[in-house]
Amino acid sequence: MKKSLKQWIGAGTTAVMAATLLAGCGSTANTAQPSTQPTAGAAATANAKPYAGKTISLVTANHPWGEAIKPLLPDFEKETGIKVNVESFFEDQLTQKLTVQFTSGSATPDVFMYRPLQEGKLFYKNGWVQPLDDYAQKAKDYDFNDFSKSAIGSTTVESKLAGIPIITEQEILYYRKDLLQKAGIAVPKTMDELTAAVKKLHDPKNEMYGFVARGQRSPLVTQVSSFLYSEGADFTTGEKASINTPEAIKAFTTYGTLLKDFAPPGVLNMSWPQAFGIFAQGKVAFLTDANSLYQNATDPTKSKISDQVGFAVFPGGKAGSKPYSITSWGLAMNAKSNNKDATWAFIQWATSKDIVLKTQQKGNPGARASVWDKPEGTTGFPAELVPVIKESAKTGIDHDRPTVISVGEARDAVGEIVQKVMTGETNIQPVADKANQALQTIIDKDKTR
């Protein structure tokens, strides 16, 4: 059933949000916080269009979420009186466009899609995004606590909420159900069990390989992160780089050795399209990667083994199963927007339970636990994948790469360690020490920006 604006705002909304969303009080470029006092007659005007004549600009990536939200915009416009102008760009074009506009001090776009772990810290440190803490936390019926903690962690910078999650993902284990059943192997729950199963199913003479994952230096970093966390390590500890600890080295060695000894030829040059491609050809028993990419393995038009793909929670290491569970895309507000209240009204609507349900039904994994708990909220995903996603979100870590401004440099430093393992380096401590110093330099540079 379609809800009115008053219903999705909620009858119990605080004075702040009643004033902001129902009374339609304007916002200026210098407005840093939502109004704290309701305007007179807010309740009386609750059924009126609060922002008649207002226009906001929305920039999205060429992403399924953007395609899912566009058909819903007329309802929002009808209810609020806000006209939403939309532009969409490819990922790299999007980052370039936003950077150029924000650098010039532009008040547009008012709201935009962004990648929190790729650009979030840069955008926040440069003052380009409006912190949303007061908006989100004072809107009681918005139910901010319904968002998973790890998803919110991804969009938080220096203890401030820089954006609202719209797309989440976790690293999971993909496996061949038929091969495991034939060999009498249980689905691995630990890293030791995975390694044993990989060895048993590895049969390169018959073009069957035990394991595949990303092997390229930069792309592999996000996927090795779950190995790192599950051994009790992380890229950083506080403000110190920590990729040369014994736990970190064990994680990098495990990942690198699995690829060196049990992956198909050419794995050093594989990112996710190549890894999924060879898995879908039926030549690999196990794959670890993002759950968001599952259709590359299950789509019959792409995969020869579409009906034999299994999903499992990431195998546990010394610290248990700790996959990354992140916000890959969020919505943020331009700090210089001239329409902050109207922009928040859009963000609140677009990330409300009702709209998350609708976008999630289109296969866009959201961050609201209540939507995942509804049967109708999971129809866009394979039934076997749903409990894996829910469990991973509970135990997951909120980042999948070093949380720095110079993400590319940091990824290259970490990836170098793993690639040395893959190419046969037996003593990687010196490599890890050198990479750790490089990462520390990047961290220290961030402090001066």
Side-chain angles (χ1 to χ4, degrees), residues 5 26-29 31 49-124 126-132 135 154-155 161-169 292 327-352 355-356 358-360 362-367 407:
L5 175 66
S27 172
T28 66
T31 301
K49 292 182 180 180
Y51 291 109
K54 285 281 186 180
T55 298
I56 64 171
S57 53
L58 165 67
V59 167
T60 73
N62 284 334
H63 185 280
W65 184 89
E67 297 308 306
I69 204 72
K70 287 174 186 176
L72 305 177
L73 291 177
D75 287 342
F76 173 76
E77 294 176 328
K78 183 178 179 181
E79 292 285 356
T80 63
I82 299 171
K83 171 65 177 174
V84 183
N85 290 332
V86 187
E87 288 186 282
S88 299
F89 299 90
F90 290 109
E91 288 184 21
D92 291 340
Q93 290 176 317
L94 173 63
T95 300
Q96 184 178 19
K97 175 182 174 61
L98 293 174
T99 300
V100 169
Q101 289 196 228
F102 294 154
T103 300
S104 68
S106 175
T108 59
D110 296 290
V111 57
F112 55 93
M113 283 179 67
Y114 79 115
R115 296 171 294 182
L117 296 174
Q118 192 69 21
E119 301 113 4
K121 194 164 186 177
L122 173 66
F123 285 9
Y124 179 85
N126 285 345
W128 295 343
V129 295
Q130 173 67 42
L132 299 175
Y135 290 97
S154 296
T155 61
L161 184 64
I164 303 293
I166 52 175
I167 298 292
T168 64
E169 67 180 34
S292 58
T327 296
S328 52
W329 287 97
L331 280 181
M333 182 192 298
N334 184 350
K336 292 188 178 298
S337 168
N338 291 319
N339 303 291
K340 286 194 173 77
D341 293 339
T343 298
W344 170 251
F346 171 78
I347 294 174
Q348 181 175 342
W349 169 81
T351 58
S352 66
I355 301 304
V356 171
K358 291 177 180 179
T359 56
Q360 192 159 299
K362 297 291 186 180
N364 295 285
V407 178

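Quick note: residue numbers are just sequence positions, from 1.
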Do [X] and [Y] come within less than 4.5 Å of each other through their side chains, counting heavy atoms only?
| X | Y | value |
| --- | --- | --- |
| Trp329 | Thr155 | no |
| Val407 | Leu122 | no |
| Asn126 | Phe102 | no |
| Lys340 | Tyr135 | yes |
| Leu98 | Pro109 | yes |
| Leu72 | Trp349 | yes |

Do you know which two heavy atoms are closest between [X] and [Y], and how far apart they sit?
| X | Y | value |
| --- | --- | --- |
| Ser328 | Pro116 | O-CD, 3.7 Å |
| Asn334 | Ser106 | ND2-O, 3.0 Å |
| Gln101 | Thr108 | NE2-O, 2.7 Å |
| Tyr51 | Ala345 | CE1-CB, 4.1 Å |
| Thr55 | Asn339 | O-ND2, 3.5 Å |
| Ala350 | Leu331 | CB-CD1, 4.0 Å |

Set of side chain to side chain donor-acceptor pair (under 3.5 Å) partners for [X], sequence neighbours left out:
| X | value |
| --- | --- |
| Thr351 | Tyr142 |
| Gln96 | none |
| Gln118 | Arg401 |
| Glu169 | Ser292 |

I need the [X] [atom1] to [Y] [atom2] distance, nearest 0.5 Å.
| X | Y | atom1 | atom2 | value |
| --- | --- | --- | --- | --- |
| Leu58 | Met113 | CG | CE | 9.0 Å |
| Asn62 | Phe90 | CG | CZ | 5.0 Å |
| Ile56 | Glu77 | CD1 | CD | 9.0 Å |
| Tyr124 | Leu161 | OH | CG | 10.5 Å |
| Asn338 | Lys54 | CG | NZ | 8.0 Å |
| Leu117 | Thr327 | CG | OG1 | 7.5 Å |

Return yes if some donor-acceptor pair links the side-chain N/O of Glu91 with the main-chain N/O of Ala61 below 3.5 Å, else return no.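 No.
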So, Gln360 side chain and Gly366 main chain: donor-acceptor pair closer than 3.5 Å or not?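 A pair under 3.5 Å: yes.
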Using side chain to side chain contact (heavy atoms under 4.5 Å, CB included) as the criterion, list what pairs up with [X], not counting sequence neighbours.
| X | result |
| --- | --- |
| Ala332 | Phe112, Tyr114, Val129 |
| Lys362 | Ala68, Asn364 |
| Thr99 | Thr95, Thr103, Phe123, Trp128 |

Salt bridge (Lys or Arg N to Asp or Glu O under 4.0 Å): pairs with one or both residues in residues 63-74, sequence neighbours excluded: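 Checked against salt bridge (Lys or Arg N to Asp or Glu O under 4.0 Å) - neighbours excluded - the pairs reaching residues 63-74 are Glu67-Lys70.
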Salt bridge (Lys or Arg N to Asp or Glu O under 4.0 Å) contacts touching residues 100-113 (sequence neighbours left out):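 Non-adjacent pairs meeting salt bridge (Lys or Arg N to Asp or Glu O under 4.0 Å): zero.
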My understanding is that only residues two or more places apart in sequence, or in another chain, count here; which of them pass ring pair (Phe, Tyr, Trp, His ring centres under 6.0 Å) with Trp65?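 With neighbours one apart ignored, the set is empty.
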Given side-chain contact (heavy atoms from CB on, under 4.5 Å), test Trp344 with Gln130 step by step and report yes or no. CA-CA 10 Å; Trp344 170 251; Gln130 173 67 42; over 6 Å; no
